[in-house]
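Sharing a structure with you now.
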Amino acid sequence: MENQANGVLEELKSAYPQKFASENRLFARIHRGDVIFIASGCGEPQYLVKALIEYVSSHPKGFFDAEVIHLWTLGLAPYADDKFKRNFRHNSFFLGESTRDAVNRGVADYTPISLSQIPRLFRRGVIPIDVALIQVSMPDRHGYMSLGVSVDMVKAAVEQASVVIAQANQHMPRIHGDSFIHIGDVDYIIGHNEPILEYRRGVGEEDSEVVESIGRYVARLVQDGDTIQVGYGNVPNAVLGKLIDRRHLGVHTELLSDGIVELMKRGAIDNSRKNIDRGKTVATFCMGKTETYDYLDDNPSVEFRTVDYTNNPLVIAQHENMVAINSALEIDLTGQATAESIGGRFYSGIGGHYDFMRGALLAPNGKTILALRSTACNGEVSRIVPSISEGAGVTLNRGDVYYVVTEYGIAYLHGKNIRERAMELIALAHPKFRPWLIREAKKRTLIYMDQAFIPGRRGEYPEELETHRTTRDSLELLLRPVRITDEPLLKDFFYALSDQSMFRRFMSVRKDMPHERLQEFVVIDYTREIVILASIRHGETEEIVGVGLYGIDEATHTAEVAVVAKDEYHNTGIGTELLSYLTLLAKRHGLLGFTAEVLVENKPMLHLFEPMGFDLEKRAAEGVYEMSMLFTEVPPRER
């Protein structure tokens with residue numbers, strides 16, 4: 001293969017001798033004040049960058065004040081070094097480790113912009129490009145070269161640059177789509193083979209318990225046949241590992257990662273249900289391992305398109321069931337998020353966040369997911385904050401975020417008021433920060449001033465108690481513990497009950513259910529009481545159709561139990577499922593049985609208790625049965 005590639009280069013040297021020259025002659029084409037574009041990410045032409053720095057080192061007065069622009073560098077960025085400050089001024093559209101410090105010290109620049117808009121800057125001449133340094137695959141016999149793992153804005157830079165210098169590298173994969181340029185489109189070629197830069201996440205981070213939990217929650221929101229976009233970062237990429245059992249997924253994304261390729265290999269991604277670009281995994285650049293690049297090489301199921309196509313919100317919006325999965329550095333209690341800065345310190349960039357989150361919102365049945373760890377700095381800093389830090393850029397506004405996921409669960413913000421959003425996000429924060437967030441939310445009048453809260457493990461949501469049940473009428477239910485954020489759902493539930501059902505449940509003619517009463521149901525000490533909700537999903541909304549609860553009497557080591565279902569769901573088996581599950585939980589807790597007070601006229605409730613196999617006793621007093629229901633493994637005695 002190497003001999004064949006070298007043979008092609010030799011043929012091209014004969015046909016295009018003017019395109020092959022010494023490095024000194026090439027870089028002599030750079031003049032003072034020129035704008036130099038360098039291909040970014042894993043497509044960075046490492047050899048050309050090193051050669052450029054060597055040229056400047058040996059010709060310190062060769063040129064001055066050249067502006068180096070690029071998207072993001074994974075490799076070294078020597079042009080950002082102070083010793084070259086007279087020769088270069090670095091300007092980045094997205095910050096990485098090698099350039100972040102220079103920007104925050106004020107010796108380099110950062111241009112905040114959505115990726116989809118960058119090619120337009122080039123074409124309109126807002127950012128004129130004098131010299132473009134790029135990396136390509138070896139020319140084929142027709143003279144075409146692929147931009148390989150970095151098409152993004154490189155194609156537009158090549159089209160607009162006055163001088164294009166290409167490093168031809170046999171390790172660069174030949175990727176289908178908009179990646180091809182002809183040798184006639186470049187001014188100079190330097191043949192140099194070297195491994196393509198690889199992107200590897202931090203060791204162990206993607207497999208941490210926290211990311212595992214986030215991945216499981218996000219996977220619940222991704223359905224068979226969805227088209228997905230997965231952003232940059234450990235969390236979104238690790239989420240992909242939880243989608244192995246999905247089928248017929250499609251991909252329309254900016255970044256193609258190792259995780260996406262693994263899902264393609266496993267058959268989870270086949271793009272068969274995409275309504276545009278069907279059968280194709282579409283991306284604009286790749287950051288991964290060599291094995292991933294080998295898979296992409298000459299693979300007709302993969303197409304790399306320019307970033308003004310992949311990230312165009314109007315193109316994204318054409319995809320049915322589009323799911324955009326991204327991360328953030330910080331989100332406040334109203335739903336604003338930043339993905340580019342930590343306070344006034346620039347950290348990364350806008351990237352494709354806004355493009356994909358807005359495009360997915362406009363797509364038929366689209367959804368946006370913001371997945372992030374609840375803390376940073378080894379658990380010492382909460383990523384969920386009362387308000388965005390001073391100086392931080394708001395990458396996503398309050399209307400752009402539908403779902404937020406941390407290791408503590410899923411919050412759905414779309415259509416929620418500020419109070420509801422604040423409570424949803426507090427529930428996703430690390431438990432040690434929740435009391436602080438409650439206090440701060442009250443100071444800002446974001447939540448009720450009398451909002452109750454139980455700190456510590458007693459108030460932590462017991463996710464392990466979630467379970468699915470099917471009633472005798474084939475009704476699919478989710479039985480789950482109540483959350484502190486369920487107040488609006490329970491309000492709707494209680495106000496949907498008939499007057500008779502309300503009276504039978506509360507033995508009172510009172511019909512209102514204000515915040516003060518609802519708190520008694522949603523703010524609970526899970527070690528002393530249990531409230532289980534029976535819910536049914538309707539698309540993106542959840543309906544509570546039944547409630548079962550018990551409170552422990554420590555003196556007798558029994559619990560008072562109650563069950564109620566919506567009137568339209570009476571006689572469907574919901575009450576039976578709730579009571580059966582409450583019984584199981586009480587037995588696991590070592591309780592001896594239940595007690596209950598039931599109106600004598602409440603025949604349905606009596607019929608619910610009687611067949612459950614309890615050792616049941618009942619005593620009537622003033623129209624109310626006082627019932628004792630001890631747990632037993634033997635048939636109940638006749639009474």
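Computed from heavy atoms alone, side chains included, the values below leave out hydrogens, waters and symmetry copies.
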Checklist entry - Among Asp34, Asp109, Asp65, whose salt bridge (Lys or Arg N to Asp or Glu O under 4.0 Å) with Arg89 holds? => result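 That would be Asp109.
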Item to check | Parallel, tilted or perpendicular: rings of Tyr110 and Phe346 (30°, 60°) | outcome: tilted
Item to check | Ring geometry between His70 and His90 (parallel below 30°, tilted from 30 to 60°, perpendicular above 60°) | outcome: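 Aromatic pair His90/His70 classed parallel.
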Next on the checklist: I'd like to check Val149 versus Tyr293 (side-chain heavy atoms, cut-off strictly below 4.5 Å). Are they in contact?
Outcome noted: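 The answer is yes, as the side chains (C-beta and beyond) meet within the 4.5 Å cut-off.
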Checklist entry - Considering only heavy atoms from C-beta outward, does the side chain of Leu249 approach that of Val251 to under 4.5 Å? => result no
Checklist entry - Would you say Leu296 and Cys286 make side-chain contact, with heavy atoms under 4.5 Å? => result yes
Item to check | Carboxylate-amine/guanidinium proximity below 4.0 Å for Asp140 and Arg174 | outcome: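 The answer is yes: the pair qualifies as a salt bridge.
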Item to check | Stepwise side chain to side chain contact (heavy atoms under 4.5 Å, CB included) test for Thr375 and Thr406 | outcome: CA-CA 9 Å; Thr375 63; Thr406 73; over 6 Å; no
Checklist entry - Is there a donor-acceptor contact under 3.5 Å from the side chain of Ser208 to the main chain of Val211? => result yes
Next on the checklist: Under 3.5 Å, is there a donor on one side chain and an acceptor on the other for Ser116 and Asp308?
Outcome noted: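 Their side chains do not contain a donor-acceptor pair, so the 3.5 Å distance test is not met.
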Checklist entry - Below 4.5 Å, heavy atoms only, C-beta onward: do Gln229 and Met322 meet side chain to side chain? => result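 They are in side-chain contact.
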Item to check | Backbone N/O of Ala324 and side chain of Lys367: donor-acceptor pair under 3.5 Å | outcome: no
In residues 276-285, what donor-acceptor pairs under 3.5 Å come from side-chain atoms, sequence neighbours left out?
from   : atom 1 : to     : atom 2 : distance (Å)
Asp277 : OD2    : Tyr309 : OH     : 2.7
Arg278 : NE     : Ser272 : O      : 3.4
Arg278 : NE     : Lys274 : O      : 2.6
Arg278 : NH2    : Lys274 : O      : 3.1
Lys280 : NZ     : Pro300 : O      : 2.5
Thr281 : OG1    : Asn271 : ND2    : 2.8
Thr284 : OG1    : Asp152 : N      : 3.1
Thr284 : OG1    : Arg305 : O      : 2.7
Thr284 : OG1    : Val307 : N      : 3.3

Checklist entry - Do the side-chain N and O atoms of Glu198 and Thr290 include a donor-acceptor pair separated by under 3.5 angstrom? => result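 Note: Glu198 and Thr290 side chains meet the donor-acceptor criterion.
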Checklist entry - Is a side-chain donor or acceptor of Asp298 paired with a backbone partner of Ile175 at a separation under 3.5 angstrom? => result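 A pair under 3.5 Å: no.
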Checklist entry - After noting the C-alpha distance and the side-chain angles of Glu407 and Ser374, does the key distance pass the side-chain hydrogen bond (donor to acceptor under 3.5 Å, both in side chains) rule? => result CA-CA 7 Å; Glu407 67 269 29; Ser374 66; 2.6 Å; yes
Item to check | Minimum side-chain heavy-atom gap Ile30-Asp130 below 4.5 Å | outcome: no
Item to check | Ile190 side chain near Leu48 side chain, heavy-atom distance below 4.5 Å | outcome: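 A side-chain contact exists here, since the closest heavy-atom pair is under 4.5 Å.
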Checklist entry - Can you say whether the rings of Phe88 and Phe84 are parallel (under 30°), tilted (30 to 60°) or perpendicular (over 60°)? => result perpendicular
Next on the checklist: Is the shortest side-chain heavy-atom distance between Asn365 and Glu320 below 4.5 Å?
Outcome noted: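 In short, these two side chains do not touch, never coming nearer than 4.5 Å.
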Checklist entry - Hey, would you say the Tyr188 and Phe27 ring centroids sit under 6.0 Å apart? => result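 No: the rings miss the under 6.0 Å criterion.
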Checklist entry - Thinking salt bridges, do Glu54 and Lys50 make one under a 4.0 Å N-O criterion? => result no
Item to check | side chain to side chain contact (heavy atoms under 4.5 Å, CB included) partner of Phe37, the single match among Val131, Val154, Ile127, Val164 | outcome: Val154
Checklist entry - If you measure only the distance, is there a donor-acceptor pair under 3.5 Å linking the side chains of Gln167 and Glu194? => result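 Yes, side-chain donor-acceptor contact under 3.5 Å.
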Item to check | Tyr144 ring center near His182 ring center (under 6.0 Å) | outcome: yes
Checklist entry - Does one side chain, of Ser146 or Ser179, offer a donor that lies under 3.5 Å from an acceptor on the other? => result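 Yes, Ser179 and Ser146 have a side-chain donor paired with an acceptor closer than 3.5 Å.
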Item to check | Side-chain donor/acceptor of Ser389 to backbone N/O of Ala392, under 3.5 Å | outcome: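 Side chain of Ser389 to backbone of Ala392, a donor-acceptor pair under 3.5 Å: no, none is there.
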Checklist entry - Would you say the side chain of Met172 lies within less than 4.5 Å of the side chain of Val136, judging by non-hydrogen atoms? => result no
